[in-house]
Amino acid sequence: MADQTHNDDDVQHEPTATSTWSRLLAGNRRFAQGKMTHAWQDRETRESLLDSQRPDAAVLSCSDSRVPPEIIFDAGLGDMFTVRTAGQIIDDSVLASLEYAVDKLHVSLLVILGHQHCGAIQAAEAQLGALVARVRHGDDSPQTVQSLASILDEIGAMDDAEAADNAQDQLSSALEQLVSRDDSPIVRSVGPSILQAYEAQLRDGADIERVHIAHTIETLVDRSQPIQQALANERLVIVGARYCMDTGLVEVLSF
């Protein structure tokens, strides 16, 4: 919390983006090492927050039960304003919540936190197989469903390079339209990140997760004028990060 002292290297915490992020990363290191302090979770802290809250950071993270931000950052009551949706999907309620954190609670740091083995990304990637089948075969029956990777490999193996390029361009254009109109909000929100990753020749799950975090930041900034203004006035810093479940550590992607 902004006006209290945390015992990380005996440094007085100041409510700036840099100091807040350093404190969160120190908490994450404690978590990964199994040395959590569980600070600011006592009755006195709870009672001190009855009338107001003063979080230093806002976090948009996945709803995955294995990725609770307050725990993996070893944070306490009132430390962070947390919004969680499957795959960090951004909708109107998410925008309103984050804008409230920036404009009304004056957080200086906004963390977009993805994670390893994201189920939303895996689900969206699987759904793309049905969309690919619709483009290539005109239906998405089990007999025709293929993965995006297999279709791109088939196209890449074509003897005629020009024909292969044309086929890939047509597939990408058709998929973008289908993804944008899909009934599933996960496909509409996460699908573009997957397509962007594949266009960059990135197929590893970790790389797709990183691309999705970057795409989420771009989407958030594009859709929110208050967040744009806070960034322009240097009142806010946005961080992209990815939680690695096998190590317990948070990978910093951008700061």
Side-chain angles (χ1 to χ4, degrees), residues 1-3 13-25 27-28 40 49 52-73 75-115 118-121 124 184-193 196 209-243 250-255:
M1 298 180 308
D3 59 346
H13 169 58
E14 298 177 357
T16 66
T18 299
S19 60
T20 296
W21 187 226
S22 296
R23 175 167 59 82
L24 292 180
L25 289 178
N28 175 243
W40 317 111
L49 295 167
S52 64
Q53 58 173 318
R54 301 175 298 280
D56 300 330
V59 180
L60 172 60
S61 72
C62 186
S63 299
D64 194 300
S65 63
R66 301 165 293 180
V67 194
E70 291 85 355
I71 293 178
I72 67 174
F73 286 115
L77 297 171
D79 278 341
M80 58 177 63
F81 185 93
T82 305
V83 180
R84 302 181 66 183
T85 60
Q88 303 93 250
I89 291 175
I90 296 174
D91 58 18
D92 290 344
S93 62
V94 170
L95 280 178
S97 298
L98 294 177
E99 288 171 356
Y100 174 79
V102 171
D103 278 354
K104 302 301 181 182
L105 301 179
H106 308 295
V107 298
S108 61
L109 178 70
L110 172 53
V111 182
I112 307 301
L113 181 66
H115 69 94
C118 180
I121 290 178
S184 167
I186 290 180
V187 172
R188 292 197 305 271
S189 298
V190 182
S193 300
Q196 184 178 341
E209 289 157 4
R210 296 182 184 104
V211 170
H212 180 54
I213 293 164
H215 185 263
T216 301
I217 293 174
E218 293 173 3
T219 300
L220 177 63
V221 175
D222 286 345
R223 292 184 59 180
S224 174
Q225 185 175 1
I227 289 177
Q228 291 176 21
Q229 193 65 47
L231 290 169
N233 294 339
E234 299 184 347
R235 293 189 288 109
L236 179 71
V237 171
I238 298 181
V239 175
R242 174 176 170 269
Y243 172 60
V250 168
E251 171 189 4
V252 183
L253 303 180
S254 63
F255 180 71

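Every heavy atom of this structure was used, including side-chain atoms; hydrogens, water molecules and symmetry mates were not. This chain uses plain numbering: 1 for the first residue, then up along the sequence.
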Once you round to the nearest 0.5 Å, how far does [atom1] of [X] lie from [atom2] of [Y]?
{"X": "Glu99", "Y": "Leu110", "atom1": "CD", "atom2": "CG", "answer": "11.0 Å"}
{"X": "Ser189", "Y": "Asp91", "atom1": "OG", "atom2": "CG", "answer": "8.0 Å"}
{"X": "Thr216", "Y": "Ile89", "atom1": "OG1", "atom2": "CD1", "answer": "9.5 Å"}
{"X": "Ile72", "Y": "Leu24", "atom1": "CD1", "atom2": "CG", "answer": "10.0 Å"}

Tabulate below the donor-acceptor pairs under 3.5 Å that side-chain atoms of residues 229-239 make, not counting sequence neighbours, or state none.
| from | atom 1 | to | atom 2 | distance (Å) |
| --- | --- | --- | --- | --- |
| Gln229 | NE2 | Asn233 | OD1 | 3.4 |
| Asn233 | ND2 | Gln229 | O | 3.4 |

On a heavy-atom basis, which atom in [X] and which in [Y] lie closest, and how many Å separate them?
{"X": "Ala120", "Y": "Ile186", "answer": "O-CG2, 3.6 Å"}
{"X": "Asn28", "Y": "Val250", "answer": "OD1-N, 2.8 Å"}
{"X": "His212", "Y": "Gly87", "answer": "NE2-O, 2.7 Å"}
{"X": "Ala101", "Y": "Ala58", "answer": "CB-CB, 3.9 Å"}
{"X": "Pro55", "Y": "Phe81", "answer": "CB-N, 3.9 Å"}
{"X": "Glu209", "Y": "Cys118", "answer": "OE2-N, 3.3 Å"}

Could you give me the CA-CA distance, side-chain angles and deciding distance for Ser61 and Tyr243, then say whether side-chain contact (heavy atoms from CB on, under 4.5 Å) is met? CA-CA 10 Å; Ser61 72; Tyr243 172 60; over 6 Å; no

Passes salt bridge (charged side-chain N to carboxylate O under 4.0 Å, His left out), Arg210 versus Glu251? Steps please. CA-CA 10 Å; Arg210 296 182 184 104; Glu251 171 189 4; 2.9 Å; yes

Sub-3.5 Å donor-acceptor pair from the side chain of [X] to the main-chain atoms of [Y], do we have one?
{"X": "Ser193", "Y": "His215", "answer": "no"}
{"X": "Gln88", "Y": "Leu60", "answer": "no"}
{"X": "Arg84", "Y": "Cys62", "answer": "yes"}
{"X": "Arg223", "Y": "Ile90", "answer": "yes"}
{"X": "Asp103", "Y": "Tyr100", "answer": "no"}
{"X": "Ser19", "Y": "Thr16", "answer": "yes"}

Evaluate the side-chain contact (heavy atoms from CB on, under 4.5 Å) criterion for residues Leu253 and Arg242: first the C-alpha distance (whole Å), next the side-chain angles of each, then the deciding distance (0.1 Å), finally the verdict. CA-CA 7 Å; Leu253 303 180; Arg242 174 176 170 269; 4.2 Å; yes

How about [X] and [Y]: do any of their side-chain heavy atoms sit closer than 4.5 Å?
{"X": "Ser52", "Y": "Arg54", "answer": "yes"}
{"X": "Val59", "Y": "Val83", "answer": "no"}
{"X": "Asp64", "Y": "Val67", "answer": "yes"}
{"X": "Thr82", "Y": "Glu70", "answer": "yes"}

Take Met80 and Val107, measure what side-chain contact (heavy atoms from CB on, under 4.5 Å) needs, and give me the verdict at the end. CA-CA 9 Å; Met80 58 177 63; Val107 298; over 6 Å; no

Please identify each residue that fulfils side-chain hydrogen bond (donor to acceptor under 3.5 Å, both in side chains) with His115, with sequence neighbours left out.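 For His115 there are no side-chain hydrogen bond (donor to acceptor under 3.5 Å, both in side chains) partners, ignoring immediate neighbours.
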
Under the side-chain hydrogen bond (donor to acceptor under 3.5 Å, both in side chains) rule, collect the residues that match up with Ser65, sequence neighbours excluded.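 With neighbours one apart ignored, the set is empty.
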
Residues Val111, Trp21; criterion side-chain contact (heavy atoms from CB on, under 4.5 Å); working and verdict: CA-CA 9 Å; Val111 182; Trp21 187 226; 3.8 Å; yes

